[in-house]
Amino acid sequence: MSDDLFDRSEFVAYFRDETEDLLQEIDANLLQLEDFVSSERADPEIVNALFRGLHTIKGSAGMLQFGSIANLAHKLENLCDLLRKERMPLSEGCVDILFLGRDVLKDLVDAAIAGREGDTAGLDQVVERLDRFVAVYEETSAVIDGDLGPTHRFEEEAQEEIRAAGNAEIEAFEAEVARMLAAAQAARRDEPPAECAVRAEPVRAAEPEVAAAANGVEKPAGEQKHRANTHQTIRVDIERLDTLLNLVGELVINRTRISDIAETLDRSFGRKNGAADGSAGVLVPLAKDLAESSALLARTTSEIQESIMKVRMVPIGQVFDRFPRVLRDIAKARHKEVELRISGADTDLDKTIVDEVGEPLMHLLRNCVDHGIELPEVRERIGKPRHGTVALNAYHEGNQIIIEVTDDGSGVDLERVRARAIKQGLISADDRLSDREIVELIFTPGFSTAEVISDVSGRGVGMDVVKKNITRLKGVFDVNTEAGVGTRFTIKLPLTLAIIQALLVRVADELYAIPLDSVIESQRVEMSEMRTVHGNEVITLRGQVVPLVRIAEVFELGGGRDPEKAMIVVVGLQGRQVGLVVDAFQGEQEIVIKPLSDVVGRIPGISGATILGNGAISLIIDVHSLVSEANVNGRVARAEYSGV
């Protein structure tokens with residue numbers, strides 16, 4: 001077919017999306033198939049699912065003239081066909097070569113989509129291995145069945161292909177009929193009996209509309225409703241959703257502005273007597289109408305905003321589904337036995353965050369297998385099961401999502417971490433560090449306790465990447481470990497990076513926004529309650545020492561200090577608390593996060609900006625960087641180890 005007759009790029013995009021899903025399903029099916037190796041007999045349902053997935057990829061690739069993809073998919077089909085017909089036993093070697101073929105198929109798909117369809121590195125070797133592997137069992141089957149000679153064999157193969165195609169069509173037809181019957185039964189339960197008789201009639205897909213239009217017959221409304229309900233999802237480019245979200249953000253800003261205007265008018269004219277002042281008599285009803293319209297606009301905007309946010313939400317299981325295969329390969333390479341337990345895969349998260357959180361989780365899981373889980377012999381010797389367990393869990397907590405990665409391995413060896421940090425010059429032998437501070441050393445760039453550099457660990461990059469990526473997502477990362485019991489990594493992420501609740505504070509003549517997720521409490525503190533420890537101001541809050549950071553001094557705003565009191569916002573991060581000293585609290589407000597432009601560049605302590613209801617611009621304080629800076633300068637550590 002000529003490229004002029006259809007948009008090839010659009011079909012390639014469909015092929016990319018479809019193949020990505022199919023390869024993910026093939027991965028999952030192969031992992032399930034591997035569990036049947038000990039019985040030497042494959043589950044027919046799993047094998048059929050593999051066959052269908054490969055067959056779909058082969059057909060789509062053939063339509064787009066991706067010959068190498070179609071060829072490899074066909075070779076893998078042949079292997080699955082032998083399993084399906086029980087002409088070969090299920091073995092570890094069989095599963096391994098299927099995994100290898102799937103990986104090469106993925107590389108070929110990526111190359112074809114990128115316009116490098118001729119890049120077939122590794123294809124010939126895999127095809128040769130597949131041919132040799134399949135040939136052994138095909139020859140064995142031919143000997144058992146009897147060699148009918150080349151001509152008869154060709155005829156038999158042709159007839160078998162015809163029968164296979166016929167069976168595939170029959171299976172597809174039966175599946176479609178079963179689906180239609182199930183839908184019809186559901187319709188009977190929901191609709192009156194008189195309409196059910198109409199819906200139960202068998203209907204060909206897509207043809208009834210044409211026939212009805214030709215005969216001038218209008219289709220029953222119930223049937224139209226039924227057909228509409230069969231298509232409930234569509235693919236939408238994420239850029240369109242981003243544009244829509246930006247427009248909603250602008251709507252939120254204008255909603256806040258209108259609300260401020262309505263409140264100002266109400267304060268100005270709400271208490272005036274219309275009889276005494278003619279202008280007030282006219283403006284009071286208008287101010288009231290504006291306030292009511294403003295409230296209605298606020299409700300509608302909130303509903304639109306909530307709907308758009310839900311549209312952008314996707315299950316985090318889209319990321320979790322990648323990991324069983326990864327852990328299987330790492331465990332096999334390290335000669336370990338590891339079981340991955342996943343829960344909370346249906347927890348929804350913003351699409352942007354889902355796309356970014358995969359890499360940090362990948363590094364954490366690799367770390368659990370490589371550094372945490374012991375070898376089977378070691379685990380048996382210390383009284384643990386041979387199989388190590390890595391658990392991946394996700395759940396909502398308020399307007400945050402919590403992701404936990406837990407293993408039942410040996411835990412973090414604090415003495416070994418400390419010794420390696422001293423050897424690398426990160427700390428001195430005289431430094432007195434808490435267990436938490438020792439654990440945080442593993443996130444230092446270039447730090448690793450591995451003695452040998454491998455393809456999994458040893459270069460000190462993984463945990464550093466985890467911390468940087470989580471921080472970039474405005475998340476919080478925490479580690480809890482116990483020697484001989486295991487380690488739990490906890491990640492807290494916002495549900496969205498676009499619209500958040502913030503506490504507005506005034507410092508000097510500037511207005512700043514502090515993300516409400518980071519705020520623990522805010523209070524007024526008398527100057528007599530403040531102490532100075534090693535040159536840094538601290539307060540004691542319910543028995544806990546909290547170091548203080550003056551925002552005016554951090555951003556060099558100038559202005560004098562109040563000699564009697566201080567307004568403090570206590571923020572928390574990774575188990576630590578820091579008090580931010582401000583001049584006044586301005587209340588809470590929903591804000592739209594706007595990134596700083598390239599002209600302004602990166603400002604330490606500032607994560608972005610927002611436009612307030614009155615049109616003023618407010619900078620958003622980066623709580624993480626301020627707390628980290630306080631920690632680096634020693635304020636937190638000195639406060640924790642000082643008796644105040």
Does a salt bridge link [X] with [Y], judged by any charged N lying under 4.0 Å from a carboxylate O?
X	Y	answer
Lys565	Asp583	no
Asp370	Lys336	no
Arg531	Glu537	no
Arg325	Asp103	yes
Glu339	Arg328	no
Arg436	Glu440	no

Which atom names give the shortest non-hydrogen contact between [X] and [Y], and what distance separates them?
X	Y	result
Gly372	Asp407	CA-OD1, 4.3 Å
Ala394	Ile316	CB-CG2, 4.1 Å
Leu473	Glu356	CD2-CB, 3.7 Å
Gly579	Val546	N-CG1, 3.5 Å
Asp27	Phe99	OD1-CE2, 3.6 Å
Met313	Asp348	CB-CB, 3.9 Å

Side chains of [X] and [Y] in contact at under 4.5 Å (non-hydrogen atoms):
X	Y	answer
Thr347	Pro315	no
Thr487	Thr406	no
Val505	Val569	yes
Leu612	Thr256	no
Arg341	Thr389	yes
Val623	Ile514	yes
Ile606	Tyr512	yes
Ile97	Val126	no

Discussion item. Show, in sequence, the C-alpha distance, side-chain angles and deciding distance for Val412 and Val417, and conclude whether the side chain to side chain contact (heavy atoms under 4.5 Å, CB included) test is met.
Written reply: CA-CA 8 Å; Val412 178; Val417 171; 3.8 Å; yes
Practice prompt. From the options Ile539, Asn536, Val538, select the one residue that forms a side-chain contact (heavy atoms from CB on, under 4.5 Å) with Leu548.
Written response: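 Of all the options given, the one that passes is Ile539.
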Worksheet item: Leu327 pairs by side-chain contact (heavy atoms from CB on, under 4.5 Å) with which of Ile373, Leu392, Leu365?
Response: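 In the set Ile373, Leu392, Leu365, the residue that makes a side-chain contact (heavy atoms from CB on, under 4.5 Å) with Leu327 is Leu365.
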Under 3.5 Å donor-acceptor, [X] side chain and [Y] backbone:
X	Y	result
Asn367	His363	no
Lys492	Asp478	no
Gln24	Asp321	yes

Item to complete: On the 0 to 90° scale, with breaks at 30° and 60°, tag the Phe477-Phe443 ring pair as parallel, tilted or perpendicular.
Response: perpendicular
Please report the interatomic distance [atom1]([X]) to [atom2]([Y]), rounded to the nearest 0.5 Å.
X	Y	atom1	atom2	answer
Gln318	Asp21	CD	CG	8.5 Å
Arg420	Arg418	CZ	CZ	15.0 Å
Leu414	Glu437	CG	CD	12.0 Å
Leu511	Ser618	CG	OG	4.5 Å
Glu404	Phe489	CD	CZ	12.5 Å
Ile26	Leu98	CD1	CG	9.5 Å

Item to complete: Please list, chain by chain and in numerical order, all residues satisfying side chain to side chain contact (heavy atoms under 4.5 Å, CB included) with Glu380, sequence neighbours excluded.
Response: Arg386
Item to complete: Take Ile520 and Gln577 through the test side chain to side chain contact (heavy atoms under 4.5 Å, CB included) and record every step on the way to the result.
Response: CA-CA 9 Å; Ile520 298 176; Gln577 293 184 5; 3.6 Å; yes
Practice prompt. Applying salt bridge (Lys or Arg N to Asp or Glu O under 4.0 Å), run through Asp96 and Lys332 and close with a yes or a no.
Written response: CA-CA 11 Å; Asp96 286 342; Lys332 197 167 186 178; 2.7 Å; yes
Quick check: are there more than 12 heavy atoms from other residues, nucleotides or ligands sitting under 6.0 Å from [atom1] of [X]?
X	atom1	value
Ile617	CD1	no
Glu377	CD	yes
Lys106	NZ	no
Glu526	CD	yes

Any side-chain donor-acceptor pair under 3.5 Å between [X] and [Y]?
X	Y	answer
Arg312	Thr352	yes
Glu34	Gln32	no
Ser343	Asn393	yes

Worksheet item: Does the side chain to side chain contact (heavy atoms under 4.5 Å, CB included) test come out yes or no for Asn469 and Glu359, once each step is laid out?
Response: CA-CA 8 Å; Asn469 285 10; Glu359 185 179 5; 3.5 Å; yes
Discussion item. Tell me every residue that passes salt bridge (Lys or Arg N to Asp or Glu O under 4.0 Å) with Asp408, counting only those two or more places apart in sequence or in another chain.
Written reply: Arg379
Discussion item. Go through it in stages, so that I can follow the logic: the residues are Glu521 and Leu541, the test is side chain to side chain contact (heavy atoms under 4.5 Å, CB included), and I'd like the CA-CA distance, side-chain angles, deciding distance and then a yes or no.
Written reply: CA-CA 11 Å; Glu521 61 180 297; Leu541 189 63; 3.4 Å; yes
Worksheet entry | Step-by-step side chain to side chain donor-acceptor pair (under 3.5 Å) determination, Asp431 to Ser428 | CA-CA 5 Å; Asp431 286 340; Ser428 67; 3.1 Å; yes
